[in-house]
Amino acid sequence: MRLTLRIWRQAGPEARGDMVTYEVPDASEDMSFLELLDVLNERLIAAGEEPVAFDHDCREGICGACGMVINGVAHGPQRATTTCQLHLRQFSDGDVIDVEPWRAAAFPVVRDLVVDRSALDRIVQAGGYVTVPTGSAPEAHSVPVPKAAADEAFDAATCIGCGACVAACPNGSAMLFTAAKTTHLGLLPQGAVEQDRRVPAMVAAHDAEGFGGCSNTGECTAVCPKGIPLGAIGRLNADLLGALRRTRGTGRD
Amino acid sequence: MSTPSNTSTTRRDTAGQGTAGAPGGYTVGAPLTDTAAPDGPLETRWERRRLAARLINPANRRRLPVIVVGTGLAGASAAATLAELGHPVLSFCYQDSPRRAHSIAAQGGINAAKNYRGDGDSVRRLFLDTVKGGDFRSRESNVHRLAEVSTQIIDQCVAQGVPFARDYGGLLDTRSFGGAQVSRTFYARGQTGQQLLLGAYQAMSRQVAAGRVVTHPRTEMLDLVVHEGRARGVVVRDLVTGEVRTHLAEAVVLATGGYGNVYHLSTNARGCNATAIWRAHRRGALFANPCFTQIHPTCIPVSGEHQSKLTLMSESLRNDGRVWVPLRKGDTRAPGDIPEAERDYYLERMYPSFGNLVPRDIASRAAKRVCDEGRGVGPGGLGVYLDFAGAIARLGRRAVEEKYGNLFEMYQRITGEDPYRVPMRIYPAIHYTMGGLWVDYDLQSTIPGLFVIGEANFSDHGANRLGASALMQGLADGYFVLPTTLTHYLAAGPFEPVAADAPAVVEAEAAVRARLERLLGNDGSRSAESFHRELGRLLWDACGMERDEAGLRAALERIPELREEFWRDVRVPGSGEALNQALEKAGRVADFLELAELMCLDALHRAESCGGHFRVESQSEDGEALRHDEYFSYVAAWEFTGVGAPPVLHREALAYETVTPSRRSYA
C-alpha cells in the first residue's frame with residue numbers, strides 16, 4: 001500500500017517545528033505503525049537525512065514508551081491500542097496520515113515526536129507506593145483480598161503511563177493516570193492504610209506539574225490503550241474529599 | 001556415556017592454543033575455583049552466608065554511594081532496597097522512565113515454593129526442577145538459594161500492593177508452567193512482569209521521595225571506571241543533551257538485562273542491548289556461557305521483511321491450548337477442515353507426562369523438527385497451531401477470556417486473525433539469555449566492586465531457564481541477595497577516594513568520546529540497522545536453535561568481516577550533542593558485532609547439546625539433546641584480550657553434591 005505521512009519535525013525543545021511530508025510507496029498491511037516509521041527512517045539515513053525521533057521500546061503494548069497523535073487521535077484510530085500495536089491494516093491504500101507528538105504543557109517536546117513525560121514519575125514519587133521495607137513483609141496469605149477488589153485493583157493497575165490521557169484532554173489533565181494509581185492501591189488492604197495521605201499528595205503533585213484539572217470530558221478514557229474507566233476519577237475525587245474531611249484539623253499533612 | 005563427536009575438549013583446547021588468532025581459536029587460563037559459596041549442607045548455605053556477612057551501621061551507609069545501572073526487576077528492587085538501607089543510590093536507565101524497563105513485558109508469572117495448593121511442592125522440589133530444567137549446567141548453591149528466597153518474594157510483593165490473581169476466598173491463585181508438575185506460578189492475569197515491576201518501581205519512587213535515590217533516565221552507560229582494581233564508577237551519555245560524564249561511587253551494580261537482541265529479531269524490547277556488560281567485559285569482567293540462549297516456543301511467527309521484533313505469547317497458554325500440526329506433509333487445508341485423526345498433537349504424543357507443558361527448549365526443538373519435516377503451518381511453513389477449541393468447548397469462551405483475554409486480543413491485533421475461531425500460529429523465537437557476566441555466589445564479577453544481577457549475569461538458570469523463573473531471579477537478587485553481599489563488600493572499605501581527574505576516569509571518558517566521534521565521523525552508506533539485520537540472520541542460522549561445527553566456523557569467518565564492513569561503511573547522521581537515536585543504535589550494534597563472535601566461539605567449543613543449545617553432532621538415537629557431563633560439566637568463563645584476538649577460557653567446574661545429573665526426560 002502507498003501511504004503519505006505528514007510528520008511533525010522539531011529539532012529541539014526551543015526550535016520551531018513543522019509538518020514535513022514523506023511518501024512510503026511500498027508499505028504492507030502486516031506492518032505495525034512503528035515498523036512503517038522504521039522503514040522510513042532507514043531510507044532517510046541512507047539518504048543522509050536525520051531520521052524521525054520517536055519513543056518506543058517493547059513493541060508489545062505494555063511498556064508505554066510509544067505514543068503519537070495519529071490523525072488527531074492519541075495512539076491512532078483503533079480503540080484500546082498502543083501505537084506499537086496499531087497495524088497498517090487499519091488504514092487504506094493512498095491514505096494521508098498526520099503524525100504529531102503529545103501536546104501538553106506538562107510534556108515539553110524533546111525532539112520530533114519525543115516528549116518529556118517525567119512529570120508522571122514525580123506524581124508517583126509523591127505517594128504512589130506502599131510503605132513497606134524489604135524483608136519484613138507478613139506471610140502473603142495472612143491478609144485475604146476479596147477477588148472483586150483484587151480484580152478491580154488490577155484493572156486500574158494496568159495503566160502503562162503512556163500519557164495518551166493527557167494528550168487527549170482539552171485541559172492537558174493527567175487525572176486519569178493519577179486516578180489509576182490511587183485506585184489500584186486504595187482498593188487493596190495493603191495500600192488502603194496510606195490512602196488519606198496518598199491521594200491529596202498525588203493530586204497536589206499533579207497540579208504542581210502543570211497538568212490541568214478534570215472537567216469530565218472523557219476524552220482520556222476514550223483513547224486509553226488499557227481502557228482505564230472514567231469511574232477511576234470519580235473514585236479519586238471521593239477519596240480526596242474523604243481524605244480532606246478526615247484529616248482536617250488533625251494536624252496531619 | 002558416549003564420547004563427543006570428533007571434537008573432544010582436549011583437542012579443541014590444543015587447537016585453540018595452537019591457532020590463536022584463527023577463527024575459533026582461544027587459549028586456556030587458570031580454572032575458577034573460588035565461587036565464594038559456603039560449603040556444608042546445601043540447605044543452610046544461604047543462612048550461613050548471611051550470618052557471616054559483615055554489617056555497616058546506618059550512619060556510615062550514608063557515606064557509601066552505590067551506582068545501579070538498569071531499572072528492571074533486578075535493578076529497581078536493588079536500588080529500592082539499598083536506598084532503604086541508607087545508601088545514596090544513583091540509578092540509570094536508557095528509557096524515559098524507570099517504569100519502562102523490559103521486565104514490564106513478562107507475561108506469565110513468578111514461581112514460588114509456597115505449596116498453597118498442597119500438591120507436593122517444596123523448596124527442595126523447586127530447586128530440583130530448576131536444576132533439571134537448566135540441564136545440569138547451573139550451580140546447586142545458587143539455585144537452592146533462589147528456591148528458598150522465592151517464598152519471601154511473594155510476601156514482599158503482596159505487601160507492596162501487587163494485585164496478584166486471587167480466588168473467591170481471597171487467597172492467591174496459581175497456575176502451572178513448563179517443566180513443572182506442580183502449580184507454583186503466581187500471576188497477575190497476563191501482565192505479571194508489569195505488576196511486579198511497578199511494585200519495584202514504586203518502592204524505588206518512595207526512596208526518590210526520601211532523597212536517597214537519584215534517577216537518571218535517558219542515560220546510557222558506555223564504560224566502567226576501574227580504579228586500582230575496583231569498579232568505582234561509570235561513564236554515561238545523557239541521551240538528550242549528548243553530554244558524556246562520569247559518576248563515581250563505592251560500588252557498581254549492573255542490572256542491564258540480557259543480550260538476546262544480538263539476534264536482531266527477538267522478544268526483547270528494541271532498546272535491550274549488551275553495551276553495559278560488554279564494556280565491563282572489555283574492562284576485565286569474565287563473560288560466562290555466552291552461547292546459552294533460550295528460545296521461547298510460543299511466539300507469533302515472522303510476517304515479513306519489515307519485522308522489527310517478535311511477540312511472545314505467554315507459555316501459560318499451553319495450560320489450556322493444545323499444540324498440533326497436520327499429520328501429513330504439505331497439508332494446506334484450513335485447520336478446521338483437518339479432522340482429529342489427521343492431526344499430530346506431537347508434544348502430547350512424545351512427552352505424555354508433561355504434554356504441552358514440557359520445558360521451553362524441548363517444546364521449541366519439537367516445533368522446529370515438525371516444521372523441518374514439512375508439516376509446519378502458515379506462511380513459509382514456519383509455524384505450529386496452538387489450539388483453544390477444546391478449552392473453549394470444555395470451559396466456555398468466557399472462562400478462556402478471563403484467563404487469557406489480553407493475549408488473545410494482542411494476537412488478533414498483530415495477525416488480523418481471531419484466535420477464538422482459528423488456532424493461533426506460533427513459532428519459536430529468541431527470548432532470554434542464560435549467559436552473561438560471570439559472578440560468584442555473592443553476585444560479584446571478577447572485578448571487585450562490580451556486582452551483576454538479574455539476566456545480566458549468568459548464574460542461576462543453567463543452560464535453559466524454566467518459565468516464570470526470570471522474575472523470581474531478578475527480585476531475589478535485588479531484594480534479598482545483593483543487600484547482604486554488597487554490604488559485606490562495602491564493609492571491607494572505605495576504599496581510596498577516586499579523584500575526578502584520576503587516570504582511570506580520564507582514559508575511560510576519552511575512550512567513550514573517541515568511539516562516539518568515530519561513529520559520527522564515518523563517511524559510510526549503510527544504516528546500523530542493516531548491519532544488525534545481517535548479523536542477526538547470520539547468528540540465528542549458525543548459533544540459533546540448532547548449531548553445527550561447520551556453520552559455527554563459517555560464522556566465525558564472517559563476523560569479523562562484517563565488523564570491519566560496519567566500521568568502514570556505517571552511516572550515522574546527526575550530531576552527538578542532541579537526542580540521536582541513530583547514534584545510540586550504532587553504538588549498540590558495534591558491541592553486538594563483538595559479542596556475536598564470542599557466542600559462536602563458545603558454541604563451537606561446547607561440543608555437546610544441552611538446554612537451549614543443540615549441537616547437531618551430539619544427539620541421541622531419537623534426536624534428543626545429548627549432554628557430555630564428563631567433558632562439559634563446567635561454566636565457560638571467557639576473558640577478553642582484544643577485539644578479534646583469541647580470548648582466554650577459564651573453567652568453573654560444576655560440582656553436583658545433592659543431585660545426580662541424569663538424562664533429562666519429560667516423557
Side-chain angles (χ1 to χ4, degrees), chain A residues 12 28 30-31 34-35 38-39 42 45-46 48-51 53 55-65 81 85 87 89 110-111 114 116-118 120-121 124-126 128-135 137-141 144-147 150 153-154 157-158 161 184-185 188 190-191, chain B residues 80-81 84 95-97 99-100 102 104-105 116 154-156 158-161 163 165-172 188-189 191 194-195 198 202-203 205-206 208-209 217 240 269-271 303-304 306-309 311 410 413-414 416 479-480 483 525 527 529-530 571 573-574 578-579 581-582:
Chain A
S28 143
D30 286 329
M31 285 178 175
L34 300 189
E35 285 167 346
D38 290 342
V39 167
E42 268 211 71
I45 292 172
E49 292 176 48
E50 293 200 39
D55 266 324
H56 63 101
D57 206 10
C58 79
R59 298 200 173 193
E60 305 182 15
I62 192 75
C63 78
T81 305
Q85 295 287 286
H87 283 67
R89 61 179 71 91
V110 176
R111 186 186 179 101
V114 176
D116 178 353
R117 289 169 288 190
S118 55
L120 298 182
D121 286 319
V124 173
Q125 287 154 16
Y129 44 78
V130 175
T131 301
V132 51
T134 311
E139 211 305 313
H141 267 182
V145 180
K147 181 166 167 34
F154 175 86
T158 57
H184 158 211
L185 294 174
L188 298 169
Q190 292 83 1
Chain B
T81 309
E84 187 181 288
Q95 297 90 346
D96 74 313
S97 164
R99 65 169 289 150
R100 306 203 201 284
H102 195 52
I104 201 132
Y116 284 162
I154 301 300
D155 297 342
Q156 179 70 25
V158 166
Q160 285 172 347
R166 290 181 181 259
D167 59 28
Y168 284 98
L171 302 182
L172 294 158
R189 226 164 287 171
Q191 283 141 264
Q194 179 194 27
Q195 295 308 317
L198 292 179
Q202 288 166 188
S205 298
R206 178 174 154 240
V208 173
V240 176
R270 290 274 285 169
S303 69
H306 54 80
Q307 197 95 16
S308 64
K309 82 154 281 155
T311 303
M410 186 164 80
R413 248 176 232 131
I414 293 171
Y479 282 138
F480 297 104
S525 67
S527 67
E529 183 72 23
S530 76
R571 167 178 263 172
L579 183 76
Q581 293 170 330

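Proximity of a side-chain donor or acceptor of A:His184 to a complementary backbone N or O of B:Gly161 within less than 3.5 Å is detected. Counting only distance, with no hydrogens or angles, the side chain of B:Gln194 and the backbone of A:Thr158 share a donor-acceptor pair below 3.5 Å.
The salt bridge (charged side-chain N to carboxylate O under 4.0 Å, His left out) test applied to A:Asp55 returns A:Arg117, B:Arg218, not counting sequence neighbours. Scanning for side-chain contact (heavy atoms from CB on, under 4.5 Å) contacts around A:Arg111 gives A:Glu50, A:Ala53, B:Ala578, B:Leu579, with sequence neighbours left out.
If you measure heavy-atom distances from B:Phe480 to chain A, the contacts under 4.5 Å come from the side chain alone. In this structure, the portions of B:His306 lying under 4.5 Å from any heavy atom of chain A include both its backbone and its side chain. Residue contact with chain A, scored on non-hydrogen atoms closer than 4.5 Å, involves the side chain of B:Gln581 exclusively. Contacts between A:Thr134 and chain B at a heavy-atom distance below 4.5 Å involve backbone atoms as well as side-chain atoms. B:Glu84 touches chain A through its side chain: at least one heavy atom from C-beta onward sits under 4.5 Å away, while N, CA, C and O do not. Heavy atoms of B:Asp167 lying under 4.5 Å from chain A belong exclusively to its backbone.
No other option in B:Leu171, B:Thr311, B:Leu198 has as many heavy-atom pairs under 4.5 Å with chain A as B:Leu171. Here A:Pro138 is the residue among A:Gly61, A:Pro146, A:Ala126, A:Pro138 with the most heavy-atom pairs under 4.5 Å with chain B. Comparing B:Gln202, B:Arg206, B:Gln195, B:His102 by heavy-atom pairs within less than 4.5 Å of chain A, the highest count is held by B:Arg206. Per-residue heavy-atom pair counts under 4.5 Å with chain A were compared for B:Ser97, B:Gly304, B:Ser308, and the maximum is reached by B:Ser308.
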Pair A:Arg59-B:Arg270, side-chain contact (heavy atoms from CB on, under 4.5 Å): steps then yes or no: CA-CA 8 Å; A:Arg59 298 200 173 193; B:Arg270 290 274 285 169; 3.6 Å; yes
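We find the CG-NE2 distance between A:Leu34 and A:His87 to be 9.5 Å, quoted to the nearest 0.5 Å.
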